[in-house]
There are 2 protein chains.
Amino acid sequence: MQQQPRSVRTIYATSARRAIVDLLKSERRYLTAATIFAALKPAIPKLALSTVYRTLELLVGKGTVSTRAETNGEAGFVFCTDAHHHHAICTACGHVDEVDCDAMERFKLDLLQNQSFVLDEHAVEFFGRCARCR
Amino acid sequence: MQQQPRSVRTIYATSARRAIVDLLKSERRYLTAATIFAALKPAIPKLALSTVYRTLELLVGKGTVSTRAETNGEAGFVFCTDAHHHHAICTACGHVDEVDCDAMERFKLDLLQNQSFVLDEHAVEFFGRCARCR
DNA sequence: CTGTATGCAAATCATTTGCAGCTTA
DNA sequence: TAAGCTGCAAATGATTTGCATACAG
(Lines give C-alpha, C1' and ligand atoms only; values in the text may rest on other atoms or scores of the structure.)
Protein backbone atom coordinates (compact mmCIF):
# COMPACT_ATOMS: atom_id res chain seq x y z
CA MET A 1 0.00 0.00 0.00
CA GLN A 2 3.04 2.28 -0.39
CA GLN A 3 2.85 5.41 -2.52
CA GLN A 4 4.61 4.65 -5.81
CA PRO A 5 7.56 7.10 -6.36
CA ARG A 6 6.27 7.71 -9.93
CA SER A 7 9.40 8.99 -11.65
CA VAL A 8 10.14 12.08 -9.58
CA ARG A 9 8.44 15.18 -10.90
CA THR A 10 10.23 18.44 -10.26
CA ILE A 11 8.00 21.14 -8.84
CA TYR A 12 8.89 24.63 -10.01
CA ALA A 13 8.74 27.62 -7.68
CA THR A 14 7.03 30.09 -9.96
CA SER A 15 6.02 33.61 -9.06
CA ALA A 16 2.32 32.75 -9.25
CA ARG A 17 2.77 29.89 -6.81
CA ARG A 18 4.81 31.99 -4.44
CA ALA A 19 2.18 34.71 -4.48
CA ILE A 20 -0.62 32.27 -3.73
CA VAL A 21 1.24 30.62 -0.86
CA ASP A 22 2.26 33.99 0.57
CA LEU A 23 -1.32 35.22 0.52
CA LEU A 24 -2.64 32.09 2.22
CA LYS A 25 0.15 32.25 4.77
CA SER A 26 -0.57 35.83 5.69
CA GLU A 27 -4.36 35.53 5.72
CA ARG A 28 -4.75 32.31 7.67
CA ARG A 29 -8.45 32.08 7.04
CA TYR A 30 -10.53 30.24 4.48
CA LEU A 31 -10.26 31.87 1.06
CA THR A 32 -11.99 30.76 -2.14
CA ALA A 33 -10.17 30.36 -5.43
CA ALA A 34 -12.05 33.36 -6.77
CA THR A 35 -11.04 35.50 -3.79
CA ILE A 36 -7.40 34.57 -4.18
CA PHE A 37 -7.58 35.29 -7.88
CA ALA A 38 -9.17 38.70 -7.31
CA ALA A 39 -6.60 39.59 -4.66
CA LEU A 40 -3.61 38.77 -6.86
CA LYS A 41 -4.88 39.84 -10.27
CA PRO A 42 -3.91 43.51 -9.82
CA ALA A 43 -0.31 42.61 -9.02
CA ILE A 44 -0.15 39.78 -11.56
CA PRO A 45 -2.32 40.86 -14.52
CA LYS A 46 -1.73 37.76 -16.58
CA LEU A 47 -2.70 35.39 -13.79
CA ALA A 48 -5.43 32.92 -14.78
CA LEU A 49 -8.06 31.47 -12.48
CA SER A 50 -7.14 28.00 -13.66
CA THR A 51 -3.63 28.52 -12.38
CA VAL A 52 -5.03 29.33 -8.97
CA TYR A 53 -7.04 26.12 -9.01
CA ARG A 54 -4.07 24.06 -10.18
CA THR A 55 -1.83 25.54 -7.50
CA LEU A 56 -4.37 24.95 -4.76
CA GLU A 57 -4.76 21.36 -5.86
CA LEU A 58 -0.99 20.99 -5.64
CA LEU A 59 -0.82 22.50 -2.18
CA VAL A 60 -3.65 20.37 -0.87
CA GLY A 61 -1.78 17.35 -2.19
CA LYS A 62 1.36 18.44 -0.36
CA GLY A 63 -0.65 18.93 2.83
CA THR A 64 0.31 22.60 2.96
CA VAL A 65 -3.26 23.67 2.50
CA SER A 66 -6.51 22.37 3.93
CA THR A 67 -9.84 22.64 2.16
CA ARG A 68 -13.50 22.55 3.09
CA ALA A 69 -16.83 23.23 1.43
CA GLU A 70 -18.30 26.61 2.27
CA THR A 71 -22.07 26.87 2.70
CA ASN A 72 -22.59 28.46 -0.69
CA GLY A 73 -21.04 25.55 -2.51
CA GLU A 74 -17.63 27.09 -3.09
CA ALA A 75 -14.45 25.54 -1.73
CA GLY A 76 -12.43 27.36 0.93
CA PHE A 77 -8.67 26.96 1.36
CA VAL A 78 -6.39 27.69 4.37
CA PHE A 79 -2.70 27.41 4.92
CA CYS A 80 -1.86 24.90 7.68
CA THR A 81 0.65 22.36 8.87
CA ASP A 82 0.35 18.80 7.71
CA ALA A 83 0.41 17.31 11.21
CA HIS A 84 -2.92 15.93 12.34
CA HIS A 85 -4.94 18.74 13.87
CA HIS A 86 -8.30 20.49 13.87
CA HIS A 87 -9.40 24.01 13.12
CA ALA A 88 -10.65 26.62 15.56
CA ILE A 89 -12.40 29.21 13.42
CA CYS A 90 -13.08 32.65 14.82
CA THR A 91 -16.65 33.73 14.11
CA ALA A 92 -15.62 37.37 14.32
CA CYS A 93 -12.58 37.61 12.05
CA GLY A 94 -12.48 34.23 10.36
CA HIS A 95 -9.01 33.54 11.68
CA VAL A 96 -8.13 29.85 11.65
CA ASP A 97 -6.10 28.41 14.50
CA GLU A 98 -4.99 24.85 14.85
CA VAL A 99 -6.10 22.80 17.82
CA ASP A 100 -3.79 20.16 19.22
CA CYS A 101 -5.06 16.64 19.67
CA ASP A 102 -4.51 15.92 23.34
CA ALA A 103 -7.98 17.00 24.31
CA MET A 104 -9.29 15.01 21.35
CA GLU A 105 -7.64 11.86 22.65
CA ARG A 106 -9.32 12.23 26.00
CA PHE A 107 -12.61 12.79 24.21
CA LYS A 108 -12.12 9.63 22.18
CA LEU A 109 -11.68 7.57 25.34
CA ASP A 110 -14.76 9.16 26.80
CA LEU A 111 -16.74 8.25 23.68
CA LEU A 112 -15.62 4.65 23.79
CA GLN A 113 -16.59 4.24 27.43
CA ASN A 114 -19.95 5.96 27.16
CA GLN A 115 -21.19 4.93 23.69
CA SER A 116 -18.85 2.05 22.87
CA PHE A 117 -18.05 3.55 19.48
CA VAL A 118 -14.55 2.81 18.24
CA LEU A 119 -13.25 6.11 16.91
CA ASP A 120 -10.82 5.80 14.00
CA GLU A 121 -10.98 9.13 12.23
CA HIS A 122 -12.62 12.42 12.93
CA ALA A 123 -13.18 15.71 11.20
CA VAL A 124 -13.73 18.63 13.49
CA GLU A 125 -14.27 22.32 13.06
CA PHE A 126 -14.73 24.61 16.02
CA PHE A 127 -16.39 27.98 15.82
CA GLY A 128 -15.84 30.51 18.57
CA ARG A 129 -13.84 33.61 19.39
CA CYS A 130 -10.08 33.77 19.17
CA ALA A 131 -7.90 35.61 21.68
CA ARG A 132 -7.86 38.85 19.67
CA CYS A 133 -11.60 39.04 19.19
CA ARG A 134 -12.67 38.00 22.68
CA MET B 1 -34.20 38.53 14.44
CA GLN B 2 -37.29 36.30 14.59
CA GLN B 3 -38.26 34.12 11.62
CA GLN B 4 -41.14 35.86 9.85
CA PRO B 5 -44.27 33.59 9.76
CA ARG B 6 -44.61 34.34 6.01
CA SER B 7 -48.27 33.49 5.40
CA VAL B 8 -48.33 29.77 6.21
CA ARG B 9 -47.52 27.54 3.28
CA THR B 10 -49.17 24.12 3.25
CA ILE B 11 -46.76 21.32 2.49
CA TYR B 12 -48.22 18.52 0.40
CA ALA B 13 -47.39 14.88 1.04
CA THR B 14 -46.83 13.73 -2.51
CA SER B 15 -45.77 10.26 -3.56
CA ALA B 16 -42.36 11.48 -4.71
CA ARG B 17 -41.68 13.05 -1.34
CA ARG B 18 -42.83 10.01 0.53
CA ALA B 19 -40.57 7.80 -1.57
CA ILE B 20 -37.54 10.02 -0.97
CA VAL B 21 -38.09 10.21 2.78
CA ASP B 22 -38.72 6.47 3.00
CA LEU B 23 -35.50 5.72 1.15
CA LEU B 24 -33.45 8.05 3.36
CA LYS B 25 -35.10 6.62 6.45
CA SER B 26 -34.31 3.04 5.54
CA GLU B 27 -30.77 3.69 4.30
CA ARG B 28 -29.51 5.89 7.10
CA ARG B 29 -26.30 6.73 5.29
CA TYR B 30 -25.21 9.62 3.10
CA LEU B 31 -26.83 9.46 -0.32
CA THR B 32 -26.36 11.90 -3.18
CA ALA B 33 -29.25 13.38 -5.13
CA ALA B 34 -28.18 11.36 -8.14
CA THR B 35 -28.13 8.13 -6.13
CA ILE B 36 -31.58 8.77 -4.76
CA PHE B 37 -32.83 9.59 -8.22
CA ALA B 38 -31.36 6.41 -9.69
CA ALA B 39 -32.81 4.30 -6.88
CA LEU B 40 -36.35 5.60 -7.30
CA LYS B 41 -36.50 6.10 -11.06
CA PRO B 42 -37.45 2.45 -11.80
CA ALA B 43 -40.43 2.61 -9.47
CA ILE B 44 -41.37 6.19 -10.39
CA PRO B 45 -40.52 6.56 -14.11
CA LYS B 46 -41.67 10.16 -14.37
CA LEU B 47 -39.57 11.31 -11.43
CA ALA B 48 -37.28 14.25 -12.26
CA LEU B 49 -33.89 14.94 -10.70
CA SER B 50 -34.96 18.48 -9.97
CA THR B 51 -37.78 17.14 -7.81
CA VAL B 52 -35.25 15.18 -5.79
CA TYR B 53 -33.22 18.34 -5.26
CA ARG B 54 -36.26 20.38 -4.34
CA THR B 55 -37.43 17.77 -1.87
CA LEU B 56 -34.00 17.49 -0.25
CA GLU B 57 -33.86 21.24 0.13
CA LEU B 58 -37.24 21.12 1.84
CA LEU B 59 -36.17 18.35 4.19
CA VAL B 60 -32.93 20.07 5.11
CA GLY B 61 -34.96 23.16 5.89
CA LYS B 62 -37.24 21.13 8.15
CA GLY B 63 -34.23 19.63 9.89
CA THR B 64 -35.31 16.14 8.89
CA VAL B 65 -32.25 15.71 6.76
CA SER B 66 -28.62 16.64 7.29
CA THR B 67 -26.22 17.40 4.47
CA ARG B 68 -22.48 17.49 3.95
CA ALA B 69 -20.05 17.83 1.07
CA GLU B 70 -18.60 14.56 -0.15
CA THR B 71 -14.98 14.51 -1.26
CA ASN B 72 -15.89 14.47 -4.95
CA GLY B 73 -17.81 17.71 -4.73
CA GLU B 74 -21.27 16.21 -4.58
CA ALA B 75 -23.61 16.77 -1.65
CA GLY B 76 -24.58 13.85 0.59
CA PHE B 77 -27.86 13.67 2.51
CA VAL B 78 -28.89 11.60 5.57
CA PHE B 79 -32.09 11.26 7.50
CA CYS B 80 -31.69 12.41 11.12
CA THR B 81 -33.40 14.05 14.06
CA ASP B 82 -33.35 17.81 14.37
CA ALA B 83 -31.94 17.80 17.91
CA HIS B 84 -28.35 18.93 18.16
CA HIS B 85 -26.09 15.95 17.60
CA HIS B 86 -23.10 14.64 15.67
CA HIS B 87 -22.63 11.80 13.25
CA ALA B 88 -20.75 8.57 13.81
CA ILE B 89 -20.13 7.15 10.37
CA CYS B 90 -19.23 3.50 9.95
CA THR B 91 -16.28 3.10 7.61
CA ALA B 92 -17.41 -0.42 6.77
CA CYS B 93 -21.08 0.00 5.84
CA GLY B 94 -21.52 3.77 5.78
CA HIS B 95 -24.22 3.58 8.43
CA VAL B 96 -24.76 6.91 10.17
CA ASP B 97 -25.47 6.93 13.90
CA GLU B 98 -26.14 9.96 16.01
CA VAL B 99 -23.85 10.80 18.90
CA ASP B 100 -25.27 12.46 21.97
CA CYS B 101 -23.73 15.65 23.26
CA ASP B 102 -22.79 14.83 26.82
CA ALA B 103 -19.31 13.73 25.89
CA MET B 104 -19.05 16.79 23.68
CA GLU B 105 -19.82 19.06 26.60
CA ARG B 106 -17.06 17.54 28.66
CA PHE B 107 -14.72 17.97 25.70
CA LYS B 108 -15.66 21.63 25.41
CA LEU B 109 -14.74 22.24 29.03
CA ASP B 110 -11.46 20.45 28.51
CA LEU B 111 -10.71 22.64 25.48
CA LEU B 112 -11.42 25.82 27.38
CA GLN B 113 -9.15 24.83 30.27
CA ASN B 114 -6.27 23.66 28.10
CA GLN B 115 -6.34 26.06 25.14
CA SER B 116 -8.56 28.84 26.43
CA PHE B 117 -10.68 28.72 23.29
CA VAL B 118 -14.31 29.64 23.84
CA LEU B 119 -16.29 27.07 21.90
CA ASP B 120 -19.57 28.32 20.49
CA GLU B 121 -20.33 25.98 17.65
CA HIS B 122 -18.84 22.79 16.36
CA ALA B 123 -19.22 20.48 13.42
CA VAL B 124 -18.06 16.98 14.04
CA GLU B 125 -18.03 13.78 12.08
CA PHE B 126 -16.69 10.55 13.51
CA PHE B 127 -15.47 7.68 11.39
CA GLY B 128 -15.15 4.25 12.94
CA ARG B 129 -16.94 0.93 13.14
CA CYS B 130 -20.51 0.56 14.28
CA ALA B 131 -21.73 -2.30 16.46
CA ARG B 132 -22.80 -4.51 13.53
CA CYS B 133 -19.49 -4.16 11.67
CA ARG B 134 -17.15 -4.49 14.62
C1' DC C 1 17.70 22.82 -23.85
C1' DT C 2 13.86 20.03 -21.53
C1' DG C 3 10.47 19.35 -18.51
C1' DT C 4 6.96 22.18 -16.20
C1' DA C 5 3.74 25.65 -15.68
C1' DT C 6 0.63 28.99 -17.66
C1' DG C 7 -3.08 31.46 -20.16
C1' DC C 8 -6.97 31.03 -22.77
C1' DA C 9 -11.14 29.21 -24.18
C1' DA C 10 -14.01 25.47 -24.33
C1' DA C 11 -15.89 21.58 -21.76
C1' DT C 12 -17.84 19.44 -17.44
C1' DC C 13 -20.96 18.58 -14.04
C1' DA C 14 -23.72 19.29 -9.99
C1' DT C 15 -27.35 22.16 -8.87
C1' DT C 16 -30.98 25.75 -9.88
C1' DT C 17 -34.75 27.91 -12.19
C1' DG C 18 -38.84 29.32 -15.41
C1' DC C 19 -42.93 27.76 -16.82
C1' DA C 20 -47.05 25.16 -18.26
C1' DG C 21 -49.51 21.22 -16.88
C1' DC C 22 -50.63 17.93 -13.10
C1' DT C 23 -52.00 16.79 -7.97
C1' DT C 24 -53.26 17.14 -3.39
C1' DA C 25 -56.12 18.90 0.13
C1' DT D 1 -61.24 24.60 -7.18
C1' DA D 2 -56.90 26.68 -5.58
C1' DA D 3 -52.55 26.28 -3.73
C1' DG D 4 -48.73 23.44 -4.26
C1' DC D 5 -46.05 20.21 -6.90
C1' DT D 6 -43.79 18.25 -10.95
C1' DG D 7 -41.38 17.40 -15.37
C1' DC D 8 -38.86 19.32 -18.83
C1' DA D 9 -35.41 21.96 -20.78
C1' DA D 10 -32.53 25.65 -20.45
C1' DA D 11 -29.50 28.49 -17.38
C1' DT D 12 -25.99 28.85 -13.86
C1' DG D 13 -21.67 28.77 -11.72
C1' DA D 14 -17.75 26.53 -9.82
C1' DT D 15 -14.14 23.69 -11.28
C1' DT D 16 -11.54 21.12 -14.93
C1' DT D 17 -9.16 20.25 -19.19
C1' DG D 18 -6.76 20.55 -23.99
C1' DC D 19 -3.40 22.77 -26.16
C1' DA D 20 0.09 25.95 -27.79
C1' DT D 21 3.24 29.06 -25.66
C1' DA D 22 6.27 30.85 -21.88
C1' DC D 23 9.41 29.89 -18.20
C1' DA D 24 12.40 27.61 -14.41
C1' DG D 25 16.20 24.73 -13.67
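The sequence lines fix the lettering, A, B, ..., with proteins before strands; numbering per chain opens at 1.
The distance between atom CD of A:Glu70 and atom P of D:dT15, rounded to the nearest whole Å, is 10 Å. Rounded to an integer number of Å, the gap from CG of A:Leu47 to C1' of C:dT6 is 9 Å. Rounded to whole Å, atom P of D:dT6 lies 13 Å from atom CG of B:Leu49. Nucleotide C:dG7 holds its C1' atom 13 Å from the CD1 atom of A:Ile44, rounded to whole Å. If you measure from atom CZ of B:Arg9 to atom P of D:dG4, you get 5 Å, rounded to the nearest angstrom. Between A:Tyr53 atom OH and D:dT17 atom P there is a gap of 13 Å when expressed in whole angstrom units. With rounding to whole Å, A:Asn72 atom CG is found 14 Å from D:dT15 atom C1'. If you take CZ of A:Arg17 and P of D:dA24, they are 12 Å apart, rounded to a whole angstrom.
Counting heavy atoms from C-beta on, the side chains of B:Phe77 and B:Leu31 never come closer than 4.5 Å.
Shortest non-hydrogen contact noted between B:Leu24 and B:Phe79 is O-CB, 3.6 Å. Across all their heavy atoms, B:Val52 and B:Ala33 have their closest contact at CG1-O, 3.7 Å.
Both A:Leu58 and A:Lys41 sit near DNA chain C, but only A:Leu58 has its closest nucleotide nearer the 5' end.
Contact annotation for B:Ser50: base contact, defined as any heavy-atom pair under 4.0 Å involving a base atom. Base contact: B:Arg54 has a heavy atom under 4.0 Å from a base atom. Among the heavy atoms of the strands, none lies under 4.0 Å from A:Ala34. At the heavy-atom level, B:Ala75 lies under 4.0 Å from the strands shown only through sugar-phosphate atoms.
Listed pair A:Lys46 / D:dC23 meets the phosphate criterion, a side-chain N or O lying under 4.0 Å from OP1 or OP2.
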For this session: Report the C-alpha distance between B:Glu74 and B:Asn72 in whole Å, list the side-chain angles of each, state the deciding distance to 0.1 Å, and finish with yes or no for side-chain hydrogen bond (donor to acceptor under 3.5 Å, both in side chains).
Result: CA-CA 6 Å; B:Glu74 284 179 274; B:Asn72 64 6; 2.9 Å; yes
For this session: May I have the step-by-step check of side chain to side chain contact (heavy atoms under 4.5 Å, CB included) for A:Val78 and A:Tyr30, ending in yes or no?
Result: CA-CA 5 Å; A:Val78 228; A:Tyr30 282 97; 3.0 Å; yes
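Set against D:dA14, C:dT24, C:dG7, the side chain of B:Thr14 has C:dT24 as its closest nucleotide.
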